[in-house]
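Proteins get letters first, then strands, A, B, ... in listed order; numbering begins at 1 in each. Just so you know, these numbers use all the heavy atoms, side chains as well, and skip hydrogens, waters and symmetry mates.
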Amino acid sequence: MATNTGTGWSFPEGVKFYPEYLTREHQRALLEEVREVVAAAPLYVPVMPGTGTPLSVRMTNCGPLGWVTDKDHGYRYQSVHPVTQAAWPPIPDSLIHIWEQVTGYPKPPDACLVNFYTEDARMGLHQDKDEQALEAPVVSVSLGDTCLFRLGGRRRDDRTRSFRLASGDVLVLGGEGRLAFHGVDRVYPGTSTLLKNGGRINLTLRRVNL
DNA sequence: TAGTGGCT
DNA sequence: TCAC
């Protein structure tokens with residue numbers, strides 16, 4: 001059963017959108033925990049496999065595993081920060097709780113990707129498919145400035161729908177939507193006061209290992 | 001192919 | 001959308 005969005009386009013089955021899931025207080029507390037993660041595991045600029053073209057987002061991770069990409073070894077999960085070689089810091093409890101509440105998946109997430117978007121950062125249309133546990137949903141939590149998010153289907157050429165993700169929104173990609181192409185077309189500067197210097201933070205919770 | 005410049 |  002797909003969710004009707006009133007635009008003639010429905011979310012794929014298994015996609016759940018929770019606008020304003022987190023209160024402002026919860027967002028502030030979560031942001032503080034993200035700052036601790038970034039203090040332990042600094043943001044860095046990932047690059048595309050093969051070409052070495054930098055992505056426009058800055059990235060870090062928390063949890064037993066982190067998603068990384070580089071010129072020589074491509075997309076993968078690994079247990080250490082690619083620059084410092086230190087183990088990733090733990091996933092904050094509040095994020096584990098969100099995962100439990102919105103998924104009900106029997107195992108906790110073992111990876112949390114932290115993406116920081118400045119006002120000119122983008123994320124091209126892609127699928128999350130580097131995980132073994134493809135039956136586990138992917139959970140996205142937005143903090144800071146609003147972005148224009150694009151969601152399609154399992155094939156790159158499936159039609160897409162764009163909608164905004166604002167601070168405190170939670171999006172779950174499960175079921176048919178687990179392998180849906182998605183990306184971030186733009187960030188709207190000045191749309192949130194949560195981050196003093198602006199920008200958007202996206203936290204993506206995933207179960208990688210079975 | 002999680003990016004992007006250039007051409008129709 | 002294509003082609004790199």
Side-chain angles (χ1 to χ4, degrees), chain A residues 9 11-12 14-15 17 34 37-38 41-63 65-83 88 91 95 109-134 136-165 169-174 176-188 199-209:
Chain A
W9 197 96
F11 283 137
V15 173
F17 180 35
V34 171
V37 166
V38 172
L43 291 164
Y44 64 96
V45 178
V47 300
M48 301 282 289
T51 62
T53 305
L55 278 66
S56 58
V57 296
R58 288 189 294 158
M59 249 177 213
T60 189
N61 290 270
C62 52
L65 292 171
W67 187 88
V68 298
T69 170
D70 61 31
K71 190 176 194 297
D72 296 332
H73 306 292
Y75 304 157
R76 65 198 188 277
Y77 282 93
Q78 65 178 35
S79 58
V80 298
H81 189 289
V83 178
W88 302 107
I91 299 175
L95 283 172
D110 54 6
C112 176
L113 178 61
V114 179
N115 283 332
F116 179 73
Y117 293 76
T118 55
E119 67 177 83
D120 27 66
R122 306 272 185 277
M123 182 70 79
L125 211 59
H126 69 280
Q127 289 173 300
D128 292 10
K129 57 176 184 184
D130 300 311
E131 303 74 27
Q132 281 191 272
L134 287 177
V138 168
V139 175
S140 158
V141 179
S142 296
L143 293 175
D145 284 334
T146 297
C147 76
L148 184 63
F149 187 81
R150 186 140 61 111
L151 181 61
R154 287 179 181 249
R155 294 181 349 173
R156 184 175 282 278
D157 56 14
D158 285 339
R159 65 178 297 200
T160 62
R161 183 201 163 208
S162 295
F163 54 99
R164 289 172 184 227
L165 290 179
D169 292 354
V170 173
L171 182 69
V172 180
L173 298 182
E176 291 285 311
R178 174 63 179 77
L179 288 174
F181 276 86
H182 58 281
V184 171
D185 285 344
R186 71 158 298 183
V187 172
Y188 300 104
R200 170 176 187 261
I201 293 170
N202 183 251
L203 308 166
T204 311
L205 296 160
R206 304 191 179 99
R207 182 74 200 186
V208 177
N209 287 334

**Prompt:** CZ of A:R155: more than 12 outside heavy atoms within 6.0 angstrom?
**Reply:** no
**Request:** Whole angstrom is fine here: how far is it from CG in A:D128 over to C1' in B:dA2?
**Result:** 8 Å
**Request:** State whether the side chain of A:R207 and the backbone N or O of A:N209 hold a donor-acceptor pair below 3.5 Å, judged by distance alone.
**Result:** yes
**Prompt:** For atom C1', what is the distance between B:dT1 and B:dG5, given to the nearest Å?
**Reply:** 15 Å
**Request:** Would you classify A:D130 as touching base, sugar-phosphate or nothing, given that sugar-phosphate means primed atoms plus P, OP1 and OP2, and contacts are heavy atoms under 4.0 Å?
**Result:** base
**Prompt:** What is the distance from NZ of A:K71 to P of B:dA2, rounded to the nearest Å?
**Reply:** 17 Å
**Prompt:** With both distances under 3.5 angstrom, what nucleotide forms a Watson-Crick or G-U wobble pair with C:dC2?
**Reply:** B:dG5
**Atom pair distance, as rounded to whole Å: CZ in A:F181 and C1' in C:dT1** = 15 Å
**Request:** Would you please test A:F17 and A:F149 for ring pair (Phe, Tyr, Trp, His ring centres under 6.0 Å) and show each step?
**Result:** CA-CA 12 Å; A:F17 180 35; A:F149 187 81; 8.8 Å; no
**Request:** Would you indicate, yes or no, if B:dA2 has its OP1 or OP2 atom less than 4.0 angstrom from a side-chain nitrogen or oxygen of A:R150?
**Result:** no
**Atom pair distance, as rounded to whole Å: CG in A:L173 and P in B:dA2** = 15 Å
**Request:** Return yes if some donor-acceptor pair links the side-chain N/O of A:H126 with the main-chain N/O of A:F181 below 3.5 Å, else return no.
**Result:** no
**Item:** Whole-Å gap separating C1' (B:dA2) and OH (A:Y44)
**Value:** 12 Å
**Asked** Whole-Å distance between B:dA2 P and A:M123 CE?
**Response** 10 Å
**Request:** Using the P atom as the reference point in each nucleotide, state the distance between B:dC7 and B:dG3 in Å, no decimals.
**Result:** 22 Å
**Request:** Mind calculating the distance between CE (A:M48) and P (B:dT4) to the nearest angstrom?
**Result:** 8 Å
**Asked** Between atom CD in A:Q127 and atom C1' in B:dA2, what is the gap in whole Å?
**Response** 11 Å
